[in-house]
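In this text, all values refer to a predicted model and were calculated from it rather than measured experimentally. As a basis for the values below, the full set of heavy atoms in this structure was taken, side chains included, without hydrogen atoms, waters or symmetry mates.
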Amino acid sequence: MLDIQIIRDNPEKVIEKSRQKGYDVAEAVKRLLEVDVERRGGLTQVEELRAQRNELSSQMKGSKPSPEQLELGKALKESITELEERLKPLEAEFETLLKIIPNMPLDSVPVGLTEEENVVIRSHAAQPTFDFEPRNHWEIAEMRGWIDKDRAAKIAGARFAYLKGDLVRLEMALWMYGVDVLTDEEQLQNIIIANGLDGVSAKAFTPVIPPAVARTEVFQATGRLNKEDQTYKLEDEDLWLNASAEHTMAPMYMNEILPEAELPIRLVGYTTAFRREAGTYGKDTEGIFRLHQFNKLEMESFGTKETSLNEHLFMVAIQEYLMASLGLPFRVLEKCTADIGRPNAKGVDIDTWMPGQQQYRETHTADYITDYQARPMKTRVRRSDGVTELVHTNDATVFSERPLIAIVENFQTADGHVVVPEVLRPYMGGRQQI
RNA sequence: GGAAGGGUGUCCGAGCGGUUUAAGGAAACGGUCUUGAAAACCGUCGUGCCGGCAACGGUACCGUGGGUUCGAAUCCCACCCCUUCCGCCA
């Protein structure tokens, strides 16, 4: 959530900056400020009464309370209870509205109302040419027995899959490769230098396998439970299945104050992600592009306000480095105001060319979140001068299963085999083709 | 799942109805001393919210949420978590 002070001081700026689709930010800000005034008025009254109660109480502590004092105490108690009851719904509405208001995009974020208005900022590698008609990944998978969705449907329903055979080995190779790069400070340093990100720490990411579920309270604090219909809830438990390792890594240091010397804390988490994909009926029904369950390797980091923007750029640089090293054709997009998530002040996507589908498809995202998540999570840093302040969080995809699709489609051979990218061969027993 | 014990500030830890504006210790920061460091000594040292230009004042917070009371870290209820033992088990 945003700092209420910022909204009070610059409501028009918050509104102007937050052009989002789906709901009316201006209306929410207007109502929030009304509620804020009412709430503060009530709060002042309650606090005055409490002060009287505390005063009376300290008078009574030495001797036996007189009947008059007890009488006054009872009257105060009633007034306080009554005022508190009136305040409760205001506080609740205040909290709800505050959570609805999205983060303020940086000035550099392009203004747009749909994802069509995202701006391509870089392109890497030419689209490959084939002397045969390139197939979809599901056609290749069919030929090779790599994906079985029919039996998965029997077991779990639509949008689930059994991945099989060499496709599974390729996926595992991808995880290993990603973790190896992210834990190698020399390679990280090279990425920093190559991208002119001087001053960015080359500290290695710590590999993490997080819980795949989180409590309601925790999930809400991350700002990622906005669309409850997209997230699976465990029946009879106060638990939700995570839709990314980000959801269970970001709140890891909830209610903690971290020493500045420990920052940046960098994590690379592997988990299975679950998404209900409500409202996508009929979309991407073929193959494994859009499943209810998939695996993903994700970066998460905790830093300070001075370092977070470069940390974001660093994460994007890592993504580009990884994708380029695989030899995949992809482009980098600066997301427009409508396409960045509510907690974001900026966001970058990577779309990768899928020759079997003759289009670029989203494979990665990188979120610049500032202190928006840290505020409700109460994750803070004690600076070297002793001051505590909110940390800044960043997250970004390393690999999901979508790059797997890109590898299969881009490096396919005429007879339905796939050339293994060189950097993955050490993890595939040296095999050049599967 | 059963039994017992426990959750207090950055950390350790006391407190079990009104001297809590949370003892004491450690860490951290500032200072004295020292060639420098260590030690010793002195001082500072929680967070949120409300009001105020500020100094400051008020209020809330002792796992979470309710309750009892004029008054709750302290008593009662529910839940969550941790530890140990038993049972079950990848």
Side-chain angles (χ1 to χ4, degrees), chain A residues 1-9 32-99 101 209-221 225 233-240 248 251-263 265 271-272 302 304 371-391:
Chain A
M1 58 177 81
L2 283 178
D3 185 351
I4 181 65
Q5 202 57 51
I6 289 173
I7 304 175
R8 278 182 200 142
D9 294 344
L32 176 68
L33 292 177
E34 286 169 11
V35 172
D36 184 43
V37 170
E38 276 186 72
R39 171 186 151 268
R40 280 194 280 172
L43 206 54
T44 306
Q45 286 181 49
V46 175
E47 289 188 354
E48 262 167 34
L49 288 172
R50 283 177 186 154
Q52 286 179 40
R53 181 186 65 189
N54 291 345
E55 168 63 23
L56 179 68
S57 186
S58 69
Q59 282 172 21
M60 281 193 235
K61 68 188 158 192
S63 52
K64 274 250 190 282
S66 70
E68 292 77 31
Q69 286 178 319
L70 286 180
E71 199 61 36
L72 179 58
K74 280 184 187 174
L76 279 173
K77 179 185 174 181
E78 275 179 36
S79 312
I80 289 170
T81 308
E82 192 193 319
L83 268 172
E84 281 175 342
E85 285 305 317
R86 265 197 274 158
L87 213 50
K88 257 187 202 168
L90 283 175
E91 294 279 10
E93 191 178 0
F94 178 77
E95 286 292 319
T96 307
L97 287 166
L98 199 51
K99 279 180 188 156
I101 315 250
I209 297 181
V213 299
R215 302 171 194 279
T216 304
E217 180 198 357
V218 174
F219 229 124
Q220 278 174 342
L225 201 57
K233 170 101 166 43
L234 294 186
E235 199 179 7
D236 298 330
E237 302 284 344
D238 180 34
L239 293 172
W240 302 75
T248 38
M252 215 171 145
Y253 300 98
M254 240 174 119
N255 299 317
E256 292 189 42
I257 299 175
L258 307 163
E260 184 174 1
E262 284 183 18
L263 302 181
I265 292 176
T271 190
T272 301
F302 304 85
T304 63
D371 59 7
Y372 191 91
Q373 272 187 333
R375 186 165 290 106
M377 294 193 301
K378 297 188 178 64
T379 302
R380 288 158 294 173
V381 50
R382 187 178 307 285
R383 302 301 296 256
S384 47
D385 60 4
V387 173
T388 60
E389 63 185 29
L390 295 165
V391 300

Hunt down the Watson-Crick or G-U wobble partner of B/rA54, both distances under 3.5 Å, from any strand shown, or write none. none
If the cut-off is 4.0 Å, is A/K378 near the phosphate of B/rU47, judged by side-chain N/O to OP1 or OP2? no
Any strand: nucleotide that pairs with B/rC29 via Watson-Crick or wobble, under 3.5 Å: B/rG43
Report the base-pairing partner of B/rC85 (Watson-Crick or G-U wobble, both distances below 3.5 angstrom), or none. B/rG2
Paired with A/V381, the side-chain contact (heavy atoms from CB on, under 4.5 Å) test is passed by just one of A/I265, A/L263, A/I257, namely A/L263
Which whole number of Å gives the distance between the C1' atom of B/rU69 and that of B/rC82? 31 Å
Side-chain contact, heavy-atom cut-off 4.5 Å: A/L97 with A/V35? yes
Taking the minimum atom-to-atom distance to the side chain of A/R380, which one of B/rU69, B/rC50, B/rU47 wins? B/rU47
Pairing check on B/rC70: which nucleotide meets the Watson-Crick or G-U wobble criteria with it, both distances under 3.5 Å? B/rG18
Nucleotide N/O to protein N/O under 3.5 Å, stretch nucleotides 75-80 of chain B:
from   : atom 1 : to     : atom 2 : distance (Å)
B/rC80 : O2'    : A/R215 : NH2    : 3.1

For nucleotides B/rA38 and B/rU74, find the distance between their C1' atoms and express it as a whole number of Å. 43 Å
Round to a whole Å and report the spacing from CG of A/L49 to C1' of B/rC70. 14 Å
Tell me the salt bridge (charged side-chain N to carboxylate O under 4.0 Å, His left out) pairs involving residues 47-57 of chain A, sequence neighbours left out? A/R50-A/E84
Tell me whether the side-chain N/O atoms of A/T388 come closer than 4.0 Å to OP1 or OP2 in B/rU47. yes
Take atom CD of A/E71 as the centre, draw a 6.0 Å sphere, and report whether it contains more than 12 heavy atoms from other residues, nucleotides or ligands. no
Salt-bridged, A/E85 to A/K88, with N to O below 4.0 Å? yes
When you compare B/rG25 with B/rC81, how far apart are their C1' atoms, in angstrom units rounded to a whole number? 27 Å
Distance between the C1' atoms of B/rG5 and B/rU10, in whole angstroms? 26 Å
Around A/L234, counting heavy atoms of other residues, nucleotides and ligands shown, do more than 12 lie under 6.0 Å from its CG? yes
Sticking with atom P, work out how far B/rC41 lies from B/rA27, rounded to a whole angstrom. 12 Å
With a 3.5 Å cut-off and heavy atoms only, can you find an N or O donor on one side and an acceptor on the other between the side chain of A/S57 and the base of B/rG18? yes
Taking the basic N atoms (NZ, or NE/NH1/NH2) and the acidic carboxylate oxygens, is any pair closer than 4.0 Å for A/E256 and A/R380? no
Output yes when at least one side-chain N/O atom of A/R40 is less than 4.0 Å from OP1 or OP2 of B/rC49, else no. no
Check the distance between B/rA72's P and A/L56's CG and give it to me in whole angstrom. 12 Å
Take the protein atom CD of A/E95 and the nucleotide atom C1' of B/rC49, then report the distance between them rounded to whole Å. 11 Å
My understanding is that a pair needs two contacts under 3.5 Å, Watson-Crick or G-U wobble. By that rule, which nucleotide pairs with B/rG48? B/rU59
Any strand counts, and the cut-off is 3.5 Å on both contacts for Watson-Crick or G-U wobble. Which nucleotide pairs with B/rG9? none
Grab the CG-C1' distance between A/L87 and B/rC49 for me, whole Å please. 12 Å
When the nearest nucleotide of RNA chain B is assigned to A/L76 and to A/D36 on a heavy-atom basis, which residue is associated with the more 5' position? A/D36
Just by protein heavy atoms under 4.0 Å, how would nucleotides 55-67 of chain B read 5' to 3' in B, S and -? ---BSS-------
Rounded to the nearest angstrom, tell me the gap between atom CD in A/E78 and atom P in B/rC70. 10 Å
Euclidean distance, atom CD of residue A/E262 to atom P of B/rC11 [Å, nearest integer]: 12 Å
Provide the distance between the two C1' atoms, one in B/rG2 and one in B/rC12, to the nearest whole Å. 32 Å
Determine the Euclidean distance between corresponding P atoms of B/rG6 and B/rG17; express it in Å to zero decimal places. 16 Å
Gap between atoms CG and P, on A/N255 and B/rC81 respectively (whole Å): 16 Å
